[in-house]
Chemist: 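Can you read through this structure? Questions will come right after.
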Amino acid sequence: MRKFQLPLILDELGDFDFFGSAEDLELYVEAVDIESGEVRAYDGRGMELEFCIYGKQGDPIWAKKARLIGYKKDESEYVKKILKKYLSEVSEGGYDVEGVGIKGILDKALRIKGYSK
């Protein structure tokens, strides 16, 4: 069983969503979007996740599947940046997240998006 720090975050060109399991994320994401670089995924610590694209040889990319296979690199500063941007967009006064770690920022974003762990 694969263990990633939940929730998993899918960044689709600056728009993002949360997933409660690797399986849910894999069912949602399309291999063509991964190959084109339109999506990136992170765990709850901000670690970028690596996908493996698989399918039958000769299948078109849209028929292939994606599977999370591990970690690429620490992108926690980038994840904090996109979550801070989201929080500023959904609140007129913004949210004071200066000095708050990724977990605190993520918790605020999760509550606003209506995600429950």
Chemist: When you measure from the side chain of Glu26 to the backbone of Leu68, do you find a donor-acceptor pair of N or O atoms at a distance under 3.5 Å?
Modeler: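 Answer holds: yes.
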Chemist: Work out which heavy atom in Gly46 is nearest to a heavy atom in Val79; give both atom names and the distance.
Modeler: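 Residues Gly46 and Val79, closest heavy atoms: CA-CG2, 3.9 Å.
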Chemist: Is there a side-chain contact between Phe51 and Asp33 (heavy atoms, below 4.5 Å)?
Modeler: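 No. Closest side-chain heavy atoms not under 4.5 Å.
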Chemist: Suppose we screen for salt bridge (charged side-chain N to carboxylate O under 4.0 Å, His left out). Which residues come up paired with Asp43, at least two apart in sequence or across chains?
Modeler: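 By the salt bridge (charged side-chain N to carboxylate O under 4.0 Å, His left out) rule, Asp43 matches Arg45.
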Chemist: Whether Glu75 and Arg40 form a salt bridge (side-chain N of Lys/Arg under 4.0 Å from carboxylate O of Asp/Glu) is what I want to check.
Modeler: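 Salt bridge present between Arg40 and Glu75.
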Chemist: Taking salt bridge (charged side-chain N to carboxylate O under 4.0 Å, His left out) as the test, write out the residues that go with Lys80, two or more places apart.
Modeler: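 Partners of Lys80 by the salt bridge (charged side-chain N to carboxylate O under 4.0 Å, His left out) criterion, ordered by chain and then number, come out as Glu77.
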Chemist: Could you tell me whether Lys103 and Asp107 make a salt bridge, using a distance below 4.0 angstrom between a side-chain N and a carboxylate O?
Modeler: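 Result for this pair is yes, salt bridge flagged.
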Chemist: If you take all heavy atoms of Leu25 and Ala41, which pair is closest and at what distance?
Modeler: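 Here Leu25 and Ala41 meet closest at CD2-CB, 3.9 Å.
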Chemist: Taking only residues two or more places apart in sequence, or in another chain, which ones meet Leu27 in a side chain to side chain contact (heavy atoms under 4.5 Å, CB included)?
Modeler: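 Applying side chain to side chain contact (heavy atoms under 4.5 Å, CB included) to Leu27 gives none.
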Chemist: Could you please spell out the steps behind the side chain to side chain donor-acceptor pair (under 3.5 Å) verdict for Tyr28 and Asp17?
Modeler: CA-CA 11 Å; Tyr28 178 84; Asp17 209 346; 5.3 Å; no
Chemist: For Glu30, I'd like to know if atom CD has over 12 heavy atoms of other residues, nucleotides or ligands within 6.0 Å.
Modeler: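 Count not over threshold, so no.
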Chemist: For Asp15 and Glu12, indicate whether the former's side chain and the latter's backbone hold a donor-acceptor pair under 3.5 Å.
Modeler: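 Not a single qualifying donor-acceptor pair exists.
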Chemist: Around atom NZ of Lys65, are there more than 12 heavy atoms of other residues, nucleotides or ligands at under 6.0 Å?
Modeler: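 Open.
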Chemist: Which value, rounded to the nearest 0.5 Å, describes the distance between Ile102 atom CD1 and Lys84 atom NZ?
Modeler: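 The distance works out to 10.0 Å.
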Chemist: Ring of Phe16, cation from Lys113 - is the NZ or CZ under 6.0 Å from the centre and inside 45° of the axis?
Modeler: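 The answer is yes; both the distance and angle limits are met.
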Chemist: Quick check for you: to the nearest 0.5 Å, what is the distance between Ile9 atom CD1 and Met47 atom CE?
Modeler: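 That separation rounds to 12.5 Å.
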Chemist: Give the minimum heavy-atom separation between Ile53 and Glu35, together with the two atoms involved.
Modeler: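 So the two residues come closest at CG1-OE2, 3.9 Å.
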Chemist: Taking ring-ring contact (aromatic ring centres under 6.0 Å, His included) as the criterion, tell me which of Phe19, Tyr42, Tyr71 meets it with Phe4.
Modeler: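 Testing each of Phe19, Tyr42, Tyr71 against Phe4, the sole residue satisfying ring-ring contact (aromatic ring centres under 6.0 Å, His included) is Tyr71.
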Chemist: Working to the nearest 0.5 angstrom, can you tell me the gap between Arg67 CZ and Ile34 CD1?
Modeler: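 With rounding to 0.5 Å, CZ (Arg67) is 12.5 Å from CD1 (Ile34).
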Chemist: Tell me the closest heavy-atom pair linking Pro7 and Leu106, and the distance in Å.
Modeler: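 It is CD-CD2, 3.9 Å.
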Chemist: Let me confirm one number: the CD1-CG distance from Ile105 to Leu110, rounded to the nearest 0.5 Å.
Modeler: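 Answer rounded to 0.5 Å: 12.0 Å.
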Chemist: Count I, L, V, M, F, W, Y as connected when their side-chain heavy atoms are under 4.5 Å apart, and connections chain through other members. Are Ile69 and Tyr54 then in the same cluster?
Modeler: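 No, no single cluster joins them.
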